Amino acid sequence: MSRLFFPLLVLSLVACCIEVDISVPGFPDMARYFAVGEGEIQLTVAVNFAGFCLAALVYGPLSEAYGRRPLMVIGNLIMVLGAVGCVLAPDLPLLLLARFFQGVGASASAVIVFAMIADAYQGEKSARLIGVMNSFLTTAMALAPVLGGFINEAIGWRGNYGVVALVTVVSWVLLVLYLPETRQERDIISVRKITADFKQLLSSGRFMVYAIVPSTCGAAYFAFIACAAFLYQQTYQVNIVEYSLHQGIIVGAFSLVSSFSSNFSSRMGRHRSLMIGGAMGIGGALLMLTLSLLGECEAFATTLSMVLFASGAAIVYPLIFASSLEIFPNIRGAASSLIMSFRSLLISLSIALMGYFYNGTAYNVALIILGIMIVAFALTLLILKFEKADIKAEAQRAFS
């Protein structure tokens, strides 16, 4: 595989990953500009993931029939158009429409990139590369809110969307010029085939559990992101640059731990790593909830709580996500589509939930994150049960 292969995949995901984080520092300014409430501005994230959710269901199966490369190029072109639309949108309805199409385009890379990695690499190497990719991406995500804060201060909230548009255009041009094809075989595309693939995936309890756990981690994080700008800037009274630095610290923690997730698994064992990661995720939410009940949850305490949560999620996410693509290796495209669709659907629902219950305090924020992470931890325990049964069955076959 070409040396440019992995960097191209990373770059194609950078725009997808920073499009939310770079825009959220400007949410209060956007609310004032459009003369709307917090919930309406949070819809810019929710509709983005709604578009992502719907499109994710088709990119994978189509990439099985027509190849990964053409779908990557088309999807990223749609994202370019959506990103430019965000910069030029004169009112909130058109901004929401542009954000929807931006999500439709962004889901191409989010779905197909991981299928391409699974095409080219397997097992531990695939998990390691996903961990490395998460490290690069979350570094970009850590810098995104900091950059967004400075851009918002200098030229306003449209500048944040302008940066995303610029990165998206550069990524699309490089994909057109240099992205190789990783799937040489082609499936015959048909509604029956797509339906059969999704039915096989949906009827597998094991696949569903593996698909949902990383999705819940993402849902908890973006539920926080959707209200964080209002929480820090309005409730905690920190300025936009300070808020951006707090957000950068949280995402930076995820980045740092994610880069070592495969090392944790190798040294401590997969079982122990997943248990520790799940416990840290719940612990972060519990810490925020406790401090808010005591009236001690200010900006630093909230950031500390989210750092603990993000570090736990960074251990769990790459280990389970990589395994989810190995359950049905012959239909990785459909599997990646379904996983990303679940992820965006859960994120949209969690943002809607946060928008409904957010009351300007950390208490409700912590309560929602805690509820989501308890579900994630329970499903992680079920995954460990599956894997113990696999080890036992393998040992019995070895001795028979």
Side-chain angles (χ1 to χ4, degrees), residues 24 134 138 141-142 209 212-232 235-236 238 243 246-258 260-261 264-265 268 270-320 343 346-347 349-385:
V24 290
N134 277 335
T138 50
M141 289 169 65
V209 171
I212 291 172
V213 170
S215 301
T216 53
C217 293
Y221 171 74
F222 280 103
F224 173 77
I225 287 298
C227 67
F230 298 106
L231 181 66
Y232 279 81
T235 302
Y236 299 152
V238 302
Y243 156 70
H246 279 282
Q247 184 61 34
I249 290 170
I250 294 167
V251 186
F254 184 94
S255 174
L256 181 63
V257 177
S258 181
F260 294 104
S261 62
F264 293 145
S265 180
M268 298 187 295
R270 180 179 171 87
H271 180 106
R272 184 177 297 176
S273 296
L274 291 175
M275 289 291 289
I276 291 173
M280 288 171 67
I282 290 177
L286 278 174
L287 178 61
M288 190 192 304
L289 185 65
T290 302
L291 291 173
S292 64
L293 286 171
L294 296 174
E296 301 293 335
C297 201
E298 298 297 332
F300 177 78
T302 299
T303 300
L304 179 63
S305 302
M306 288 303 297
V307 163
L308 182 59
F309 157 80
S311 299
I315 296 173
V316 173
Y317 186 97
L319 295 178
I320 295 181
R343 178 177 178 267
L346 288 176
I347 288 172
L349 291 175
S350 68
I351 291 171
L353 188 68
M354 187 67 77
Y356 183 79
F357 286 104
Y358 179 68
N359 61 355
T361 70
Y363 177 79
N364 283 4
V365 176
L367 204 59
I368 290 172
I369 294 174
L370 178 61
I372 294 172
M373 290 310 298
I374 287 174
V375 172
F377 189 70
L379 293 177
T380 301
L381 293 177
L382 188 55
I383 285 174
L384 294 175
K385 184 178 179 180

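All values reported here derive from a predicted model rather than from experimental measurement.
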Quiz item: Is there a side-chain contact (heavy atoms from CB on, under 4.5 Å) between Phe357 and Leu367 once you walk through the steps?
Solution: CA-CA 10 Å; Phe357 286 104; Leu367 204 59; over 6 Å; no
With rounding to the nearest 0.5 Å, note down the distance linking [atom1] in [X] to [atom2] in [Y].
X: Phe222; Y: Cys227; atom1: CZ; atom2: SG; answer: 13.0 Å
X: Ile374; Y: Leu370; atom1: CD1; atom2: CG; answer: 4.0 Å
X: Met306; Y: Ile225; atom1: CE; atom2: CD1; answer: 7.0 Å

List the residues meeting side-chain contact (heavy atoms from CB on, under 4.5 Å) with [X], not counting sequence neighbours, and say none if there are none.
X: Phe377; answer: Met275, Ile282, Leu381
X: Thr361; answer: Asn359, Tyr363
X: Ala299; answer: Tyr232, Tyr236, Val238, His246
X: Thr216; answer: Ile212, Leu346, Ile372, Ala376

Minimum heavy-atom separation for [X] and [Y], please, with both atom names.
X: Ser273; Y: Leu319; value: CB-CD1, 4.1 Å
X: Leu274; Y: Leu384; value: CD1-CD2, 3.6 Å
X: Ile320; Y: Arg270; value: CA-NH2, 4.3 Å
X: Cys217; Y: Val316; value: SG-CG1, 4.5 Å

Quiz prompt | Phe230 and Thr235, any side-chain heavy atoms less than 4.5 Å apart | solution = no
Quiz item: Do Gln247 and Phe224 pass the side-chain contact (heavy atoms from CB on, under 4.5 Å) test, and can you show the C-alpha distance, the side-chain angles, and the key distance before you say yes or no?
Solution: CA-CA 10 Å; Gln247 184 61 34; Phe224 173 77; 3.8 Å; yes
Please tabulate, for the side chains in residues 283-294, all donor-acceptor contacts under 3.5 angstrom to protein atoms that are two or more places apart in sequence or on a different chain.
from   : atom 1 : to     : atom 2 : distance (Å)
Thr290 : OG1    : Leu286 : O      : 2.8
Ser292 : OG     : Met288 : O      : 3.2
Ser292 : OG     : Leu289 : O      : 2.7

Side-chain donor-acceptor pairs of residues 307-314 under 3.5 Å, sequence neighbours excluded:
from   : atom 1 : to     : atom 2 : distance (Å)
Ser311 : OG     : Val307 : O      : 2.8

Exercise. Check whether any side-chain N or O of Tyr358 sits under 3.5 Å from a backbone N or O of Leu231 as a donor-acceptor pair, and report yes or no.
Key: yes
